[in-house]
Amino acid sequence: MTRIARSVRVLFGVLVLLLAATGCVNEADGPGGRSGGNRLNISATGTDSLPFMAILQVGIDKGWFAKEGLDVSLYSGGGGGNTLRVLTTGDADLAIAGNTSVVLASRQHSANLTVVAPWFQLNDFHWIAPRGQHAPKPTLGYSSGGSSTELLVRGLQRKLHVETQAVGGMGDNWTAARAGKITAGWSMQPFTTEKIQQGAEILVDARKVLGDLPADLVAVNNDYANRKPENLRAFFRVVRRLDDFVVHDTAAAAKALAPLTGVSAPTMTRALTDTPDLAKGYSLRVDPDGLRRLSDLMVSGGLIEHPVDWRTTLDQRYLPAGLRTSAFGG
Amino acid sequence: MTLRLTERAETVARQPVSRRRWLGKGATSAVATAVLIVVLGLIFQACSALGLWSEADVPAPSTVLAEFGRLLGTGEFWGDLGRTALEVLLSIVFGCTLGLFAGVLFWKLPRVGRAFEPYLVSFYAVPLVLFYPVMIVLVGINASSVVILASVMAMIPMALNTTVGLNGIPPVYLKLARSVGAGPRRILFSIALPAAGPFVLAGLRMGVVYSLIGAIAMEFTTAQAGLGYRIRYLYETFESEQMFGYIFAVLVLSCVITLSLQGVERVLSTGGRR
């Protein structure tokens with residue numbers, strides 16, 4: 001009995017210690033911290049693999065956000081679902097995530113978020129295969145159900161009569177293509193350039209078939225946007241500066257981006273110079289045609305019944321004035 | 001009076017003891033489980049009503065139940081359920097049969113058992129989904145890869161438990177069987193496996209659970225249909241209510257499989273006698 005009582009006391013003590021320890025954690029230090037002052041918690045997909053996401057880290061490293069008075073922390077989420085959920089819970093203030101996820105989330109009132117800008121409005125998606133690997137009816141891999149790559153591959157399926165298969169990330173797709181289990185897997189820069197250097201070839205260039213559309217969309221938590229609108233304007237001013245850096249000083253940008261994405265500086269330079277319209281990709285200037293194309297693809301893919309009304313869906317007020325579009329009216 | 005009491009005692013004694021106990025324990029367990037679920041549901045409902053979290057993140061249980069009811073009327077749901085159920089069933093059959101066979105093999109050939117056991121134990125501790133890139137190369141990406149991985153996951157606990165159970169049989173059982181002229185097949189099926197029964201059944205239970213986990217996890221990654229695929233799809237497209245409806249369906253499927261397994265266990269442990 002005494003032993004049981006002692007065990008219960010020890011257990012209780014451990015629980016109290018654990019509670020005290022968790023209470024001591026300063027949540028504001030992590031990406032999940034609540035916003036205070038000029039803090040801006042950003043959740044983005046692929047900050048460690050995609051240059052148009054990694055530029056945010058470049059902005060942090062160069063102190064450009066700090067110069068605008070922003071204390072930015074970056075959380076790298078995988079896929080639209082993960083990236084957006086931290087926004088809806090209020091753990092992140094701003095999210096940059098897959099186009100379809102953001103549009104669908106913005107339609108739910110309880111998600112408490114607003115789409116404020118398109119991001120990387122260049123269709124940089126390619127389907128790469130080992131050189132010489134062709135098939136009469138090729139099978140194209142994509143990441144997973146509900147992803148941007150699925151949206152594109154369904155669009156390609158309608159135009160090119162190809163088979164599709166969910167495989168996973170770019171690495172898994174390349175493995176599957178090399179093993180002959182699919183004909184080609186999806187890729188973006190710098191992965192495309194890196195694999196071409198290793199003997200891959202582009203089987204399908206999605207831009208040529210489907211045209212340009214934003215790879216991602218920027219969404220903000222409504223509470224944060226109401227409390228700190230100036231922070232969002234400052235954020236976009238820095239992004240504009242970062243975009244200009246990539247477009248006008250590509251070699252220096254490649255050098256800064258290479259270690260963040262795990263490729264060599266020459267490969268990153270090549271990847272950026274191989275990007276067909278760098279100035280369009282690295283620009284916040286709203287491309288209405290791209291947004292309409294995204295809406296059409298979502299309708300034809302069965303994700304939504306009616307086209308997106310961008311006039312009410314896209315809140316451009318935080319973007320620098322010269323980068324907004326009036327094509328949607330309002 | 002004395003005679004009546006004796007008759008009553010005899011009547012009670014004639015009832016199988018295991019059945020009497022099982023009914024009592026089973027009813028208590030069912031009520032306790034139901035109460036627990038209801039209490040948890042009420043807590044979640046209250047938290048949701050109080051706005052502790054957004055409906056977009058975690059819908060209230062009443063919303064999830066309503067969504068589940070709506071899903072039951074859609075063909076898509078039944079298609080996904082059918083696909084997952086088939087994959088899980090095949091995984092259970094293949095995994096547990098292979099596991100049983102491997103367990104018997106390791107018992108009969110202890111050297112083989114000693115060679116394989118460390119690897120099986122190591123494999124058991126590793127999430128097999130990590131081997132996905134290897135699976136892509138070896139078996140490709142289709143329903144068979146889901147079944148293969150889930151079968152492997154089911155096979156390991158079955159093999160390990162069967163081996164442990166068979167190795168734990170008192171040697172006197174086997175000596176006695178041999179002394180009365182029982183052949184190897186009879187020894188295995190009439191003496192060894194029944195003696196190792198509790199371990200084999202524990203392995204079967206774990207194998208069934210692991211096959212469900214393996215199938216759903218693989219569908220989450222690679223499939224284009226099934227409950228796991230649909231949950232991932234709805235997660236990415238931010239349709240939380242439907243997603244939780246599907247998650248609830250997986251829980252129901254898990255309960256159905258577990259209850260069916262309990263029935264199988266009861267039949268096996270009583271040899272079909274009531």
Side-chain angles (χ1 to χ4, degrees), chain A residues 45 78-91 97-98 100-113 139 141-151 163-169 171-182 185 219 221 298 301-304, chain B residues 47-49 51-60 63 67 76 80 83-84 129-146 148-149 216-244 246-247:
Chain A
T45 306
N82 288 332
T83 310
L84 276 178
R85 267 176 179 78
V86 287
L87 183 71
T88 59
T89 57
D91 291 310
T100 51
S101 301
V102 177
V103 169
L104 293 168
S106 72
R107 297 184 152 212
Q108 296 186 28
H109 178 69
S110 56
N112 195 32
L113 60 85
T139 301
Y142 62 93
S143 59
S144 64
S147 63
S148 304
T149 54
E150 190 190 27
L151 179 78
E163 298 284 345
T164 66
Q165 175 63 55
V167 180
D172 288 337
N173 270 263
W174 177 239
T175 303
R178 275 172 38 123
K181 305 299 178 187
I182 56 172
N221 181 286
M298 288 181 73
L303 285 169
I304 50 176
Chain B
C47 291
S48 201
L52 291 185
W53 51 68
S54 160
E55 275 271 309
D57 297 318
V58 185
T63 313
E67 187 58 35
E76 189 179 70
D80 287 327
R83 164 89 177 239
T84 301
V129 179
L130 290 181
F131 292 98
Y132 177 58
V134 182
M135 296 283 292
I136 289 174
V137 176
L138 293 180
V139 296
I141 316 151
N142 43 44
S144 61
S145 63
V146 176
I148 288 172
L149 192 120
I216 297 282
M218 278 297 281
E219 281 180 354
F220 212 76
T221 313
T222 179
Q224 297 188 87
L227 296 176
Y229 162 80
R230 196 64 60 189
I231 290 169
R232 173 70 181 264
Y233 182 89
L234 296 167
Y235 179 73
E236 294 292 345
T237 56
F238 223 83
E239 293 181 62
S240 297
E241 288 177 9
Q242 264 201 69
M243 182 185 79
F244 276 93
Y246 269 91
I247 290 173

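So you know, we letter chains A, B, ... as the sequences are listed, proteins then strands, and number each from 1.
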Tell me, out of A:T139, A:L104, A:V167, who's got the most heavy-atom pairs with chain B below 4.5 Å.
A:V167
Among the options A:T175, A:T88, A:I182, A:V103, pick out the one with the most heavy-atom pairs lying under 4.5 Å from chain B.
A:T88
Correct closest heavy-atom pair for B:E239 and A:Q108 would be CA-NE2, 3.8 Å
Tell me, side chain or backbone of B:M218 under 4.5 Å from chain A's heavy atoms, or both, or neither?
neither
Quick one: which of A:G98, A:G168, A:S110, A:A97 has the most heavy-atom pairs under 4.5 Å with chain B, could you say?
A:S110
Proximity breakdown for A:S143 and chain B, heavy-atom pairs closer than 4.5 Å
backbone
With a 4.5 Å limit on heavy-atom distance, are the side chains of B:E236 and A:S147 in contact?
no
Counting only heavy atoms closer than 4.5 Å, note whether A:N82 contacts chain B via side chain, backbone, both or neither.
both
Does any backbone or side-chain atom of A:A166 lie under 4.5 Å from a heavy atom of chain B? Answer side chain, backbone, both or neither.
both
Contacting region of A:Q165 [heavy-atom separation from chain B under 4.5 Å]
both
Does any heavy atom of chain B fall under 4.5 Å from the side chain of A:T100, the backbone, both, or neither of them?
neither
Locate the shortest heavy-atom distance separating B:F238 from A:A111; write the atom from each residue and the value.
CE2-CB, 4.1 Å
Does any backbone or side-chain atom of B:Y235 lie under 4.5 Å from a heavy atom of chain A? Answer side chain, backbone, both or neither.
both
If I take atom CD1 from residue A:I304 and atom OG1 from residue B:T237, how far apart are they, to the nearest 0.5 angstrom?
12.0 Å
More than 12 heavy atoms from other groups under 6.0 Å of CZ on A:R178
no
Specify which of A:A176, A:S144, A:G141, A:A179 makes the most heavy-atom pairs with chain B at under 4.5 Å.
A:S144
